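Accompanying notes for the structure given below.
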Amino acid sequence: MLLTDSNQFSTKMQVQVLTTGPFDQTFTYSTEGAGVTRGQVVMVPFGRREILGVVWSISENSTFEGTVKDIGTILPFQLPETSLDFIYWVANYTLIPLGSVLKMVLALPPAEFLKVLKKPEELPTPAYSFDHTVTLSVEQQQASYAIIQGAKTFIPFVLDGVTGSGKTEVYLNAIEHVLKNQGQALVLLPEIALTNEWLERFKRRFGFEPQLWHSNVTVKNKRQTWQQVLKDQPVVVVGARSALFLPFQNLQLIIVDEEHDDSYKQQEQNHYHARDMAVVRARLSEIPIVLASATPALETMSNIDKGKYHPLILKGRFAEATLPLVEIVDMRGQSRNQWLSAPLVTNIRQCLSNQEQVLLFLNRRGYAPLTLCRGCGHRFLCPGCSVWLVQHKHKGQLSCHHCGFTQNLPPVCPTCQTEDSFVACGPGVERIEEAVRKTFPSARIQVVTSDQLSTPKAIQTIIDDIKNFKIDILIGTQVLAKGHHFPLLTLVGILDADLGLNGGDLRASEKTYQLLHQVSGRAGREQKQGRVVLQTYHPDHPLFLSVQNHRRDDFYACELHQRQAQQFPPYGYLAAIVVSGLDEMTVERYAKTLARLAPNADNVTVLGPVPAPLARVKSRYRWRFLLKSSQAMALQPFLKLWLSHPSLKKATGSVRVSVDIDPYSFM
DNA sequence: TTTTATTTTCGA
DNA sequence: CGAAAATAAAAT
Ligand SMILES: [Zn+2]
Ligand SMILES: [Zn+2]
């Protein structure tokens, strides 16, 4: 009588749990744990397995009729309210399912959480010693002071200054202030800018290592960092995009360095822009955020104009003196397969005799972007994608830069069986290397692309070789343009400045300007003016003249004007839909059905569907829509309504629909 | 996303 | 006919 039917007496409460699946809804569970509140991290039975989740709300009027299961395990973690708000905001803006955003916040596999439950782990406590041997200039102090004064308020700052103007010292100084307040700071950097050099500088300044967070950090370290940020330990997390989702308990400052960098935009699966979401994160936490760059994004500049962002401008002590001398070389008279113009060769020769280093920049990996048969015209194509295979001569391979497909270069043409009949079309860095070796046989030459920098050890070896002057001529892609500073480098040759300008990308000019600015900035040092030789087929293009004359703001003004005329970002809003699938007809049919079901709205224009410029990737055919609106947050409700249209069959099997708010790629 | 239920396909 | 494969549906 006493202990029977415990259900009648126990007070089980119902809770809504958000799980880490790709769902935009919560699920109802019951629990006896009286202390369970919103934010509680749990494991719940879901289907036949247990998955991670977080309690989203308590006993909300759940409409669920079926059998309610009990929460499996209550884990010793509670997500802060700002984290939960952030999840909601990101999901709502990007249209990524709530549960998928939660997965980015929880960031670790369930087993890691269970380990901590079984045996709580000792977490290292950071110990600082502040080093003030670097003295700040007046403008650096003023900028830093402004950020510190902004503490506990949402203020987006734009730290705008050329390479060498001391942006890093400014924000490190602000971070010191946060640490002295026992607060937490987050520094976002593009993965290729997160160099040893940067870390050494941090360690010198603070006497301890920051917590690293990127794809190559071990699960163990991630587990520790995740707990440290949640437990309010005064840490500095330095990482790529994904660090933004960590559940900081006491975040007091966010830095987004190289804020214009494209890599902040996640291009696949779940599309989001880490810089923009970082601003949201700062607003929700009511803290300052610093967007640092020598070439801020036009969106950022426009936000300064609107008064939303506060500019902090660093002119730099030696800025004027170190601006490189840019020579534009007209390539139109150049004979075919002559990648190095006479003025460039002259400059290289001069450099070599002065014992100075040269960087030749070409943003294209491999030997040649296209290989064809002289006999029959056979082209090597990727079997899974509608692109040419890139020839990598060192490896004797042909590979696809979209899906990773690789094959050996065959001895005979697969179509006509002719021996030795292949012609390489167009140059990549390897081919430039070949040409440079021919012209400068005694120079020490090194090609540097992401292929060469695949491991930390390889990176360090190459960087050391460059700094110790074991290399005369560097030939590289954008990995060399970002992050590293080479003091012996005085000449930069931009082999094909036009490369990024083709293709229907609304940001092509902006991106090209930023890249050329960044790579030009590698030339020169404090004592000596650097030189840049810019090879182009459009020597009168205003973009190149702006680079030559260092008229960044004129270029920006002109570019903004054009964006306004077309109602493109930052004056209008875009979203893209990509329908993809294994069967071409099915994809086309689905896209056209989707088009027919588009809702009507005054403030939204639907363009498409059209076959994507990259018509097939990883065996999937692709069709695209582009949506335009003049109004912020108008596209999201429109898309929600559209994609949940009752007579729209759920995209099943091979057909997938992916949504990209504020797209950066239109391929 | 993962798992299970249902339908279709196709070889023996 | 029955197993395997493809497709749809469910998960609280
Ligand atoms: Zn052939
Ligand atoms: Zn491919």
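No experiment lies behind these values; they were computed from the predicted model shown. In the text below, chain A, chain B and the rest are named by the order of the sequence lines, each starting its count at 1. What's counted below: heavy atoms across the whole structure, side chains too, no hydrogens, waters or symmetry copies.
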Interatomic distance where [atom1] belongs to [X] and [atom2] belongs to [N] [whole Å]:
X        : N      : atom1 : atom2 : result
A/Gln25  : C/dA9  : CD    : C1'   : 13 Å
A/Phe64  : C/dA10 : CZ    : C1'   : 10 Å
A/Leu52  : B/dT2  : CG    : P     : 13 Å
A/Phe23  : C/dA9  : CZ    : C1'   : 12 Å
A/Ile58  : C/dT12 : CD1   : P     : 19 Å
A/Ile51  : C/dA10 : CD1   : P     : 18 Å
A/Asn270 : B/dT1  : CG    : C1'   : 12 Å
A/Glu50  : C/dT12 : CD    : C1'   : 14 Å

message = Need one value for A/Gly66: base, sugar-phosphate or nothing, where a base atom within 4.0 Å counts as base even if backbone is also close, heavy atoms only.
response = nothing
ask   = Which part of the nucleic acid, if any, lies within contact of A/Thr19, taking any heavy atom under 4.0 Å across all strands shown: a base, the sugar-phosphate backbone alone, or nothing?
value = nothing
Under 3.5 Å, is there a donor on one side chain and an acceptor on the other for [X] and [Y]?
X        : Y        : result
A/Glu121 : A/Gln227 : yes
A/Thr300 : A/Glu259 : yes
A/Asn603 : A/Lys628 : no

Listed partners of A/Arg38 passing salt bridge (charged side-chain N to carboxylate O under 4.0 Å, His left out), at least two apart = A/Glu81, A/Asp85
key: Ring center gap for A/Phe245 and A/Tyr272 short of 6.0 angstrom   =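 Yes - the distance between ring centres of A/Phe245 and A/Tyr272 falls below the 6.0 Å cut-off.
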query = Taking the six-membered ring for Trp, are A/Phe625 and A/Trp642 ring centroids under 6.0 Å apart?
reply = yes
ask   = Should the heavy atoms of other residues, nucleotides or ligands under 6.0 Å from OH of A/Tyr88 be counted, would the total exceed 12?
value = no
key: Selection from B/dT1, B/dT2, C/dT12 that lies nearest to any side-chain heavy atom of A/Arg49   =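 My answer, after comparing the listed nucleotides, is B/dT2.
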ask   = What nucleotide, of B/dT1, B/dT2, C/dT12, holds the atom closest to the side chain of A/Lys69?
value = C/dT12
ask   = Please, what dot-bracket string fits DNA chain C when only Watson-Crick and G-U pairs with both distances under 3.5 Å count, crossing ones use [ ] and pairs to another strand use |?
value = |||||||||||.
